[in-house]
Amino acid sequence: MNIGKTGNIIVISAPSGAGKSSICGAVVSLDKTAVYSISYTTRKPRQGEKNGREYFFTDDKKFKKMIRTKAFAEWAKVHDNYYGTPKSFLDKTLKSGKNVILDIDVQGGLKIKKSYPDACMIFIMTRNLRVLKERLSARNSDSKEIINIRMKNAEKELSFLNKYGYLVINDDLQEAIKSVQTIIKSLEYKIQRNRKYF
Ligand code: ADP
Ligand code: 5GP
């Protein structure tokens with residue numbers, strides 16, 4: 001635990017279907033020093049989703065008020081819905097010494113990097129686009145049309161790869177989870193966090 005130290009922001013972005021939810025879920029449940037930031041969104045809950053667990057579900061009016069009152073550390077419009085990271089939870093959790101995992105899109109990731117330049121930026125991807133399409137089809141949650149839109153978006157998102165610090169290829173899920181855990185662990189040893197010793 002980082003007693004007396006602030007936590008780290010860990011941004012995890014990935015094209016839809018690359019395994020971000022599977023990886024983030026496992027990392028948060030295995031790592032007691034990491035907390036998942038629950039975003040606000042205007043999209044409708046999917047089957048099985050619960051308000052306050054996956055997201056705080058809200059409407060356009062309330063979301064826009066939160067933008068005006070600067071309640072978000074970042075927000076973006078993704079696939080026609082608004083998504084935002086609540087700033088008060090983020091700052092409070094960092095102050096308590098915990099690491100905060102932000103599962104957000106590349107637009108949001110870049111905004112966080114601007115406001116919090118020390119944020120650890122991780123991009124998750126499958127070995128190639130063909131495997132991504134296979135995973136999206138196998139997940140069986142989207143129509144062919146939606147899958148094609150997601151594949152187009154994936155190419156756009158990949159063009160921002162060089163803005164990220166780490167790339168984890170999700171071939172084997174357990175290996176990918178371990179890789180993300182290793183990256184998070186390595187943050188403990190950053191010089192900026194250990195200056196007091198020398
Ligand atoms: P995302 O949150 O990035 O959209 P998911 O975590 O929902 O992606 O994963 C997409 C699909 O791929 C899911 O059906 C998931 O079970 C599966 N999956 C995730 N990682 C792997 C992997 N390494 N190998 C095979 N299938 C995987
Ligand atoms: P989904 O609707 O499938 O849960 O998420 C769609 C996309 O929105 C994913 O890429 C997810 O990472 C992103 N997202 C979720 N929460 C936020 C957020 O607070 N801010 C931003 N910028 N993107 C988010």
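Just so you know, ligand 1 is whichever comes first in the structure, and atom 1 is the first atom listed for that ligand. Because the structure is a prediction, the values reported are computed rather than measured.
Between Phe72 and Phe63, the ring center distance clears the sub-6.0 Å criterion. With ring centers used as reference points, Phe123 lies 6.0 Å or more from Phe160.
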Run the ring-ring contact (aromatic ring centres under 6.0 Å, His included) check on Tyr82 and Tyr40 step by step: do they pass? CA-CA 8 Å; Tyr82 289 102; Tyr40 282 77; over 10 Å; no
Please tabulate protein-ligand N/O pairs under 3.5 Å for ligand 1, atom names and distances to 0.1 Å.
unit_1: ligand 1; atom_1: 2 (O); unit_2: Ser21; atom_2: N; d: 2.9
unit_1: ligand 1; atom_1: 2 (O); unit_2: Ser21; atom_2: OG; d: 2.4
unit_1: ligand 1; atom_1: 3 (O); unit_2: Gly17; atom_2: N; d: 3.4
unit_1: ligand 1; atom_1: 3 (O); unit_2: Ala18; atom_2: N; d: 3.4
unit_1: ligand 1; atom_1: 3 (O); unit_2: Gly19; atom_2: N; d: 3.0
unit_1: ligand 1; atom_1: 3 (O); unit_2: Lys20; atom_2: N; d: 2.8
unit_1: ligand 1; atom_1: 4 (O); unit_2: Gly17; atom_2: N; d: 2.7
unit_1: ligand 1; atom_1: 4 (O); unit_2: Arg139; atom_2: NH1; d: 2.8
unit_1: ligand 1; atom_1: 6 (O); unit_2: Ser22; atom_2: N; d: 3.0
unit_1: ligand 1; atom_1: 6 (O); unit_2: Ser22; atom_2: OG; d: 2.6
unit_1: ligand 1; atom_1: 7 (O); unit_2: Arg139; atom_2: NH1; d: 2.9
unit_1: ligand 1; atom_1: 8 (O); unit_2: Gly19; atom_2: N; d: 3.1
unit_1: ligand 1; atom_1: 20 (N); unit_2: Asn170; atom_2: ND2; d: 3.0
unit_1: ligand 1; atom_1: 23 (N); unit_2: Asn170; atom_2: OD1; d: 2.8
unit_1: ligand 1; atom_1: 23 (N); unit_2: Asp171; atom_2: O; d: 2.9
unit_1: ligand 1; atom_1: 23 (N); unit_2: Leu173; atom_2: N; d: 3.2
unit_1: ligand 1; atom_1: 24 (N); unit_2: Arg135; atom_2: NH2; d: 3.3
unit_1: ligand 1; atom_1: 26 (N); unit_2: Arg135; atom_2: NE; d: 3.4

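Side chains of Ser39 and Phe56 form no contact here, defined as non-hydrogen atoms less than 4.5 Å apart. Annotation: side chain of Thr58 is not in contact with side chain of Thr41 (no heavy-atom distance under 4.5 Å). You'll find the side chain of Ile10 reaches within 4.5 Å of the side chain of Ile122, heavy atoms only. Counting only heavy atoms from C-beta outward, the side chains of Ile101 and Val35 never approach each other to under 4.5 Å.
Listed as neighbours of ligand 2 are Lys20, Ser39, Arg43, Arg46, Tyr55, Glu74, Ala76, Val78, Tyr83, Gly84, Thr85, Asp103, Ile104, Asp105, Gly108, each bearing a heavy atom under 4.0 Å from the ligand.
Residue Asn162 places its CG atom among more than 12 non-hydrogen atoms of other residues, nucleotides or ligands, all under 6.0 Å distant.
Trp75 carries Lys111 over the face of its six-membered ring, with the cationic atom under 6.0 Å from the centre and within 45° of the normal.
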